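Notes follow the structure.
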Amino acid sequence: MSELPKTFEPGAIEQRWYAHWEQAGLFRPERGQETPWTIVMPPPNVTGSLHIGHALDITLQDVLTRHARMQGKDALWVVGTDHAGIATQMVVERQLDLEQKKRTDFTREQFVERVWAWKAESGGAITGQLRRLGASCDWANERFTMDEGFSRAVTQVFVELYKRGLAFRDKRLVNWDPKFQSAISDLEVDNREVSGHMWHFKYPLAGGRTYTYVERDDDGKVLFEEERDYISIATTRPETMLGDGAVAVHPDDERYRPIVGCFCEIPVGPKAHRRLIPIITDTYPDPHFGSGAVKITGAHDLNDYGVAQRNGIPMYRLMDGRARMRDDGPSYAQSSERAKAIAHGEPASAADVDALNLVPEAYRGLDRYEARSRVVADIAAEDLMIKVEDKQVMQPFGDRSNVVIEPMLTDQWYVDAGTLVKPVIEATRSDAIKIVPETWSKTWFNWLENIQPWCVSRQLWWGHRIPAWFDDNGNVFVAQSEDEARREAGDRPLRQDEDVLDTWFSSALWPFATLGWPEATEELKRHYPNDVLISGFDILFFWDARMAMMGEELTRQAPWKTLYLHGLVRDAHGQKMSKSKGNTVDPLGLIDQYGADALRFTLAAMESQGRDIKLDEKRVEGYRNFATKLWNAARFLQMNGVGASTSIAAPPAELPVNRWIIGEVVATLARLDKAFADLRFDDMADAIYHFTWGTFCDWYVELVKGAFDPETLAVAAWAFDQILVMLHPFMPFVTEELWGAMPRDGEQRPYELIVARWPAPEATADQAAKAEIGSLVAVIAEARAMRAELTIPWSATLTPHVIGGDAAMIGRLTANAATLARMAKLALPVAAGAIPDGSAQIAVEGVTIAFPLDDAIDLDAERSRLSKSIAAAHKDRDGLAARLANPAFTERAKPEAVDKARADHAERAAEAERLETALARLG
RNA sequence: GGGCGCGUAGCUCAGUGGUAGAGCACUGUGUUCACACCGCAGGGGUCGCAAGUUCAAUCCUUGCCGCGCCCACCA
């Protein structure tokens with residue numbers, strides 16, 4: 001046994017213990033026969049470094065994992081990293097930037113190789129950081145979403161989905177990210193409000209036709225009337241006019257009835273070849289918004305796309321992958337004439353979308369914003385602009401690229417989310433998936449019920465290449481391998497789809513693919529479905545929902561029984577942390593300064609369900625102090641010969657103080673077990689914190705000080721062991737260190753704390769001991785308060801006079817004389833009939849105890865002290881009396897409530913009376 | 001526009017249909033042989049506002065005020 005230093009220094013012991021646990025295989029002991037328990041860690045990006053959000057997420061998972069392990073379960077915490085397609089490709093491209101190179105300077109193979117090299121070099125950073133937090137995950141089976149087995153699973157899933165008709169290829173409008181030149185999913189788009197404009201233009205009617213435009217109010221009264229030769233169109237995106245296929249008005253809109261079916265002219269481009277488009281009706285336009293007439297640009301607007309599809313309106317792609325106006329294909333004149341013919345009924349072909357280029361030569365190659373201002377200027381020059389308004393508009397941004405997303409008509413792979421989601425909804429309804437806190441289920445359902453097909457193809461190089469091959473005629477063959485595809489295709493030349501899968505497609509398989517799926521491995525059988533998933537609500541849709549979908553489709557089971565959602569970690573002012581605001585808190589810095597235990601405890605203690613965490617460093621400091629307090633308690637016990645407990649069960653005890661602390665341990669354990677069952681991390685932390693500091697250190701240790709008889713040695717050892725066990729999931733390092741520092745009879749412990757047994761509540765609370773110690777504690781507390789308020793010097797020993805000679809009280813005070821002398825500076829008690837003159841008094845459990853103070857007493861101070869107590873007693877007494885006087889209360893309230901009020905009233909009244917007597921005695 | 005959440009002590013947060021709790025901060029005090037990263041004692045809240053339900057509301061209902069988040073295709 002080495003003597004503990006006075007102050008707890010976390011740094012050294014953290015490293016030592018973590019290495020030991022990992023090397024000794026203690027994160028995953030062989031427990032093939034025990035109840036399995038499983039959780040998977042959300043795989044952090046290989047590019048990533050640990051941020052405070054991870055710290056919270058990991059802490060909660062580790063608390064549960066360590067708890068399960070201590071319960072003797074076969075606890076498995078799956079760990080690994082995510083290849084993070086876009087994010088990683090971005091990082092490597094940025095590196096190339098520094099070398100003044102581009103991705104396209106390399107072949108795809110060379111580039112991907114480079115990413116692997118980079119991953120090998122720096123991919124371990126995040127896993128080292130997870131270790132510093134103390135994460136007790138199963139490193140021996142660490143996975144990567146692009147490792148061989150996992151990739152095979154990904155391929156197989158895609159093939160299966162395709163065969164079941166749940167993955168399909170389609171040309172639709174997608175969110176196109178011009179920076180990455182890739183499609184992204186709906187979820188990866190951030191809609192933000194920005195300042196923009198709304199332009200109102202005249203679309204002249206074909207052939208110089210005119211009509212009477214009449215504006216009426218709700219009662220049909222004519223407000224305004226004029227002859228017009230145009231229709232007024234409002235748009236926030238003039239550059240897309242070039243691709244208009246029609247103008248739509250509401251079928252009930254009387255104003256435009258005369259011209260429905262007529263053609264109007266798009267007022268841009270060389271006059272000779274201006275396009276004419278029909279005026280059609282659709283219920284989409286809102287007659288009360290703008291002019292009530294909407295231009296329909298199916299290839300560049302999500303709403304218009306729907307209208308165009310419904311009405312068979314042609315769509316024309318105007319931009320290239322970088323969102324510049326197209327500079328390919330036939331001339332404007334050629335394209336325009338063909339488009340005109342189509343508008344007038346000539347059959348269109350599907351290829352027209354891309355084959356025609358309706359961008360006038362003057363705009364070709366321009367950036368979309370440049371094109372916009374040119375279009376506006378040109379229209380204004382012709383005097384066809386009615387007005388321009390400033391307007392806040394919602395604009396879609398790529399969540400990673402931060403550039404404005406362009407809706408584009410392209411061929412992509414989709415997953416039929418609408419079908420996949422059905423069993424998930426069912427599972428949640430039937431409680432096969434339990435969402436905690438429950439309040440999130442509404443959001444969950446709302447999203448699931450309104451889900452759209454999920455675009456899963458990405459035009460990137462880094463990721464799982466889509467297992468689809470095309471022949472020269474565009475036929476597609478989806479197969480596990482090229483050989484297989486070739487067999488299906490019958491020896492035609494094939495080329496593989498260039499695209500990769502959305503990263504979330506693969507991470508959605510994490511709960512089962514990490515366990516060996518599609519093989520029916522023993523691990524999979526035992527550890528799937530997982531017991532619980534812990535995740536931030538920010539990835540509820542990205543990851544959680546997709547895991548549920550994939551799990552249900554491929555394993556016919558929900559991937560986990562419980563879905564626990566925690567909040568975000570914010571700074572001390574409630575601001576969202578972000579690098580750009582510079583208010584991020586580095587968890588590693590906090591670990592350096594206060595220790596991993598303190599940070600973990602803080603995060604657990606602040607995790608109350610359904611609320612974000614405002615992280616205040618003072619709080620971390622406070623829990624560092626808590627660790628030190630525990631450390632010093634251990635030192636003290638050690639000095640007094642307390643070692644490891646010789647038994648797991650509570651030792652036999654006669655002394656009330658020992659019987660009492662055993663009962664308190666049991667009560668604390670019950671609180672903790674309840675909190676674990678409810679996933680209330682804040683309650684867990686509160687229970688163990690208050691027991692350790694407020695009960696064990698402040699009272700038990702003080703009460704037994706100087707009296708370490710064999711029984712007390714045994715009970716103290718046991719109780720302290722229970723603290724270490726119960727605290728270990730939260731503060732693994734300091735508890736493991738202290739566990740090792742408390743050997744018995746010079747012998748080391750037979751096993752580490754990390755694999756010690758969670759206590760079973762075998763002992764029961766002893767009510768008599770609880771009452772006895774409760775009373776003793778009350779005497780000490782009252783006496784100390786009295787001394788403090790009367791400023792009685794510590795040097796003065798007081799003699800308690802028990803008024804009325806209450807035998808039980810006298811017995812108690814006598815039995816605990818040494819303790820009372822030490823903790824409250826009291827002498828042996830004496831029985832007294834009446835309160836001696838010049839006494840200060842306290843009341844404990846209905847017994848008045850007087851302390852004659854000779855001349856030392858400050859009568860005024862005592863008077864004011866008593867008066868304050870009397871006032872408080874009166875207030876309570878009178879309030880209760882008033883309630884009891886109300887017949888409505890006594891008749892209608894629950895009998896228990898009435899009884900309690902009566903009892904409280906009697907007690908407070910008696911106390912008031914005693915205090916009044918005491919005050920009177922003072923004269 | 002729809003949905004969710006929050007407003008309780010100076011700060012950060014728990015909480016309950018029967019007149020409120022914790023940590024930190026604050027005040028006083030203490031060098032008692034574990035710990036000043038400590039001990040002891042103490043001050044501090046009409047539980048956002050209003051109405052309703054109830055014998056009783058901080059807790060339930062409704063409305064309002066303030067704050068935050070998520071979702072959404074109004075050109």
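Here is how names work: the chains are called A, B, and so on, in the same order as the sequence lines, proteins then strands, and each is numbered from 1. Only heavy atoms go into these numbers, but all of them, side chains included; no hydrogens, no water, no symmetry mates. A quick note: this is a predicted structure, and the numbers were derived from the prediction, not measured.
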Rounded distance in Å between the P positions of B/A34 and B/U29: 25 Å

Geometric cation-pi criterion, A/R192 with A/F397: 6.0 Å, 45°: yes

Nucleotides 65-75 of chain B: protein proximity per nucleotide (B base, S sugar-phosphate only, - neither; heavy atom, under 4.0 Å): -------BBBB

Canonical and wobble pairing (Watson-Crick, G-U, under 3.5 Å) of RNA chain B, dot-bracket with |: (((((((..((((.......)))).(((((.......))))).....(((((.......))))))))))))....

Touch class at under 4.0 angstrom, heavy-atom based, for A/R787 against every strand present: nothing

Side-chain N,O (A/R619) to OP1/OP2 (B/C13) below 4.0 Å: no

Under 3.5 Å donor-acceptor, A/T791 side chain and A/R787 backbone: no

Give me, pair by pair, the N or O atoms of the protein and of nucleotides 27-31 of chain B that are less than 3.5 Å apart, along with how far apart they are.
none

Counterpart residues, ring-ring contact (aromatic ring centres under 6.0 Å, His included), relative to A/Y689 (two or more places apart): A/Y623, A/F626, A/W693

Spacing of the C1' atoms in B/G45 and B/G10 (rounded, Å): 11 Å

A/Y564: partners by ring-ring contact (aromatic ring centres under 6.0 Å, His included), with sequence neighbours left out: A/F681

Heavy-atom closest pair, residues A/V585 and A/L615: CG1-CD2, 4.1 Å

Touch class at under 4.0 angstrom, heavy-atom based, for A/E702 against every strand present: base

Whole-Å C1' distance, B/G44 and B/A9: 6 Å

Base of B/C37 paired with side chain of A/R624 (donor-acceptor, under 3.5 Å): yes

Between B/G23 and B/U8 - C1' atom distance, rounded Å: 15 Å

Every protein N/O within reach of nucleotides 15-19 of chain B N/O, cut-off under 3.5 Å:
from: B/G15; atom 1: OP1; to: A/R680; atom 2: NH1; distance (Å): 3.1
from: B/G15; atom 1: OP1; to: A/R680; atom 2: NH2; distance (Å): 3.1
from: B/G18; atom 1: O2'; to: A/R883; atom 2: NH1; distance (Å): 2.8
from: B/G18; atom 1: O2'; to: A/R883; atom 2: NH2; distance (Å): 2.9

Separation between the C1' atoms of B/U46 and B/A20, rounded to whole Å: 13 Å

P atoms of B/G15 and B/G30, separation to the nearest Å: 39 Å

Row check, A/F636 ring normal vs A/K705 NZ/CZ: under 6.0 Å, within 45°: yes

Taking every non-hydrogen atom, the tightest pair across A/F889 and A/V898: O-CG2, 3.9 Å

OP1 or OP2 of B/C35 under 4.0 Å from side-chain N/O of A/K629: no

Distance between P atoms of B/C4 and B/C11 (Å, rounded): 29 Å

N or O in side chain of A/W693 less than 4.0 angstrom from B/G39 OP1/OP2: yes

Contact summary for A/I842 and A/V779, nearest pair of heavy atoms: CD1-O, 4.1 Å

Short side-chain N/O contact from A/K614 to OP1 or OP2 of B/C13, under 4.0 Å: yes

